[in-house]
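Worksheet for the structure shown next.
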Amino acid sequence: MRIKNFIALFVVLSSMNIAKAQDKKFKVQTIAFYNLENLFDTINNPDVIDEEYTPTGTQNWTSEKYKKKLQNLSRVINELGTSDQQKEGPVVMGASEIENRGVLEDLIKQPLIINKDYGIVHFDSPDKRGIDVALLYQKKHFKPTSYINVPLIIYDQSDKTKRIYTRDQLLVTGMLDGEEMHFIVNHWPSRSGGEKKSSPNREAAGRLNRRIIDSLYKINPNAKIITMGDLNDGPLNNSVKVELQAKAKKEDTKQFGMYNPMEEMSNKGIGTLAYRDAWDLFDQMILSEPLIRKDYTSYRFWKAGVYNKPFLTQTTGQYKGYPLRNSNGQVGFSDHFPVYLYLIKEVK
């Protein structure tokens, strides 16, 4: 067996607390999410507000900058969630803040990741800036069987006749190494206008997400679901704790429930983006109860993390320590750190 595909149990023994099984081996796969922060091409689309990211726009978004952005992002994807036990990077990765399918086609052709042979699931969303969510997947490991974009219908709090056009929620079902999995990719409404005023919009997104999850549970009570994305809320906000009903502890996650490993990280001060010298953990990956069971004959959750390597971090100036984004004419990575989790299963 190739070392890169399998993990000896003694490596995970301390965190999983499984006794008398040192001779067992586990297959490991990385699932990830990354807000790519304004991955725009240089072409002005008259149907969306993208003028900022054109050669004559305020970002002076040239072909050279676009190519550099793609190179930077491909470096992250190539290394994201890799370890001594998993060297292939994300076999499935949700993404947000992409302009169209074309920018994803350009991204997956980058030299650092072209050999991973990523496929794309993408729909154009009604967002006024034209930014969408999508799913990338390594074709040799994941085979989509169905996918749908579910619209979030919300209205302005001060004018109930005015719809707010925001990102759809993308549901992709498929076979991960022959095992059925469901992935929901999200980019919930922003905090524009203030956190409290805009909270009902994200609460509506949480309710929609929960309805999608419940519909999957109704079809299969053992459905393995990972909902992921930039929620523009932290693990303790109502959209996640009340509407999505995510639990912080495995023991509190009952049948048909959802477990949020990011809450513990948030409580420790770990974040994915910074604002006014405070960290928030908006980028989350939340799992259905069947993924945290202790029978490892099929894929189960092992652990999650925030990918915050030094090369992704601003090293000088006012925003030292923040994610290294585009600023002052320089091309960075993203204003969000990506997140990832490991799924493992026992192999004979």
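For the numbers below, each heavy atom of this structure counts, side chains included, while hydrogens, waters and symmetry mates do not.
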Working for side chain to side chain donor-acceptor pair (under 3.5 Å), residues D132 and S125:
CA-CA 6 Å; D132 310 325; S125 77; 2.9 Å; yes
Kindly determine whether M265 and V306 satisfy side chain to side chain contact (heavy atoms under 4.5 Å, CB included), including the steps that lead there.
CA-CA 9 Å; M265 283 187 267; V306 174; 4.1 Å; yes
Run the side chain to side chain donor-acceptor pair (under 3.5 Å) check on R325 and N38 step by step: do they pass?
CA-CA 10 Å; R325 63 184 301 180; N38 296 322; over 6 Å; no
Could you walk me through whether K224 and E179 satisfy the salt bridge (charged side-chain N to carboxylate O under 4.0 Å, His left out) test, starting with their C-alpha distance in whole Å, then the side-chain angles of each, then the deciding distance to 0.1 Å, before giving a yes or no?
CA-CA 9 Å; K224 293 184 175 180; E179 184 176 329; 2.5 Å; yes
Residues H187, Q169; criterion side chain to side chain donor-acceptor pair (under 3.5 Å); working and verdict:
CA-CA 7 Å; H187 187 185; Q169 296 184 11; over 6 Å; no
Determine, stepwise, if the pair R210 / E243 fulfils salt bridge (charged side-chain N to carboxylate O under 4.0 Å, His left out).
CA-CA 7 Å; R210 184 72 220 199; E243 303 298 346; over 6 Å; no
Step by step, would you call E79 with Y307 a side chain to side chain donor-acceptor pair (under 3.5 Å)?
CA-CA 9 Å; E79 300 179 19; Y307 192 74; 3.3 Å; yes
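The closest donor-acceptor contact from the side chain of T253 to the backbone of K249 lies under 3.5 Å. D295 contributes no side-chain N or O that, together with a main-chain N or O of S298, makes up a donor-acceptor pair within less than 3.5 Å. The main-chain N or O of E88 is found under 3.5 Å from a side-chain atom of K116 such that the two form a donor-acceptor pair. In this structure, the side chain of Q284 does not engage the main chain of M262 through any donor-acceptor pair within 3.5 Å. A donor-acceptor pair under 3.5 Å is formed between the side chain of Q138 and the backbone N or O of P90. Checking side-chain atoms of Q71 against main-chain N and O of S74 turns up no donor-acceptor pair under 3.5 Å. At distances below 3.5 Å, at least one donor-acceptor pair connects side-chain atoms of T145 with backbone N or O atoms of T173. Side-chain atoms of S288 come within 3.5 Å of backbone atoms of I225 as a donor-acceptor pair (strictly under, hydrogens ignored). Proximity of a side-chain donor or acceptor of N326 to a complementary backbone N or O of G332 within less than 3.5 Å is detected. Judged by distance alone, the side chain of R300 and the main-chain N or O of P290 form a donor-acceptor pair under 3.5 Å.
Legend: residues meeting ring pair (Phe, Tyr, Trp, His ring centres under 6.0 Å) with Y217, ordered by chain and number and at least two apart, are F256. Annotation: side-chain hydrogen bond (donor to acceptor under 3.5 Å, both in side chains) contacts of E97 (sequence neighbours excluded): N35.
N100 and D41 share a side-chain donor-acceptor pair at under 3.5 Å.
M93 and M181 fall within a single hydrophobic cluster, where Ile, Leu, Val, Met, Phe, Trp and Tyr are joined by side-chain heavy atoms under 4.5 Å apart, directly or via other members. Linking Ile, Leu, Val, Met, Phe, Trp and Tyr whenever their side-chain heavy atoms come within less than 4.5 Å puts L135 and I120 in one cluster. At a threshold of 4.5 Å between side-chain heavy atoms, the hydrophobic network of Ile, Leu, Val, Met, Phe, Trp and Tyr places L341 and L80 in one connected group. Two different hydrophobic clusters hold L216 and V133 under the rule that ILVMFWY side chains link at heavy-atom gaps under 4.5 Å. A chain of hydrophobic side-chain contacts below 4.5 Å, direct or via other Ile, Leu, Val, Met, Phe, Trp or Tyr residues, connects L73 to V121.
Comment: K27 engages D177 in a salt bridge, judged by a side-chain N to carboxylate O separation of less than 4.0 angstrom. A salt bridge links R191 to D233: at least one charged side-chain nitrogen sits closer than 4.0 Å to a carboxylate oxygen. Salt-bridge check for K247 with E289: failed, with every basic side-chain N at 4.0 Å or more from each acidic carboxylate O. Using a cut-off of 4.0 Å between Lys/Arg side-chain N and Asp/Glu carboxylate O, R101 and E105 are scored as salt-bridged.
Between T30 and G81, the shortest heavy-atom distance links the atoms OG1-O, 3.0 Å. Looking at every heavy atom in both residues, W188 comes nearest to R167 through O-NH2, 2.9 Å. Of all heavy-atom pairs between Y118 and K139, the closest is O-CE, 3.9 Å. Closest approach of S334 to P323, counting heavy atoms only: O-CB, 3.4 Å. Nearest heavy-atom pair, N232 versus S190, reported as atom, atom and distance to 0.1 Å: ND2-CA, 3.6 Å. The two residues N45 and D50 make their nearest non-hydrogen contact at N-OD2, 2.9 Å.
Side chains of Y53 and K65 form no contact here, defined as non-hydrogen atoms less than 4.5 Å apart. In this structure, the side chains of N72 and V331 come closer than 4.5 Å at one or more pairs of heavy atoms. The closest side-chain heavy-atom distance from I31 to M285 is below 4.5 Å. Taking the side chain as every heavy atom from C-beta outward, I212 and L171 approach each other to under 4.5 Å. Put simply, the side chain of V150 does not reach to within 4.5 Å of the side chain of I184, judged on heavy atoms. With a 4.5 Å cut-off on side-chain heavy atoms, L236 and E263 count as touching. Annotation: side chain of W302 is not in contact with side chain of L343 (no heavy-atom distance under 4.5 Å). Between T166 and P126 there is no side-chain heavy-atom pair separated by less than 4.5 Å.
The CG atom of D335 sits 10.5 Å away from the CG atom of L36 when rounded to the nearest 0.5 Å. Atom CD of residue Q330 and atom CD of residue Q314 lie 10.0 Å apart, to the nearest 0.5 angstrom. If you take CD1 on I98 and CG on L107, they are separated by 9.5 Å, rounding to the nearest 0.5 Å. In this structure, the separation between CD on E37 and CG on L39 is 10.5 Å, given to the nearest 0.5 Å. The distance from atom CG of L244 to atom CD of E203, rounded to the nearest 0.5 Å, is 12.5 Å. Taken from OG1 in T315 to OH in Y322, the straight-line distance is 14.5 Å, to the nearest 0.5 Å.
Aromatic ring pairs are classed by plane angle as parallel below 30°, tilted from 30° to 60° and perpendicular above 60°; the pair W279 and F337 is parallel.
Ring pair F301/Y299: centre-to-centre distance not below 6.0 Å. Taking the six-membered ring for Trp, Y340 and F33 have ring centres at least 6.0 Å apart.
The number of heavy-atom neighbours closer than 6.0 Å to NZ of K345, taken from other residues, nucleotides and ligands shown, is above 12. Heavy-atom contacts from other residues, nucleotides or ligands closer than 6.0 Å to OH of Y319 number 12 or fewer. Counting heavy-atom neighbours within 6.0 Å of E264 CD, excluding the residue itself, gives a total of 12 or less.
Across Y147, Y137, F142, a single residue satisfies ring-ring contact (aromatic ring centres under 6.0 Å, His included) together with F183, and that is F142.
Cation-pi contact between R75 and F311: present, with separation from the ring centre below 6.0 Å and deviation from the ring axis of at most 45°.
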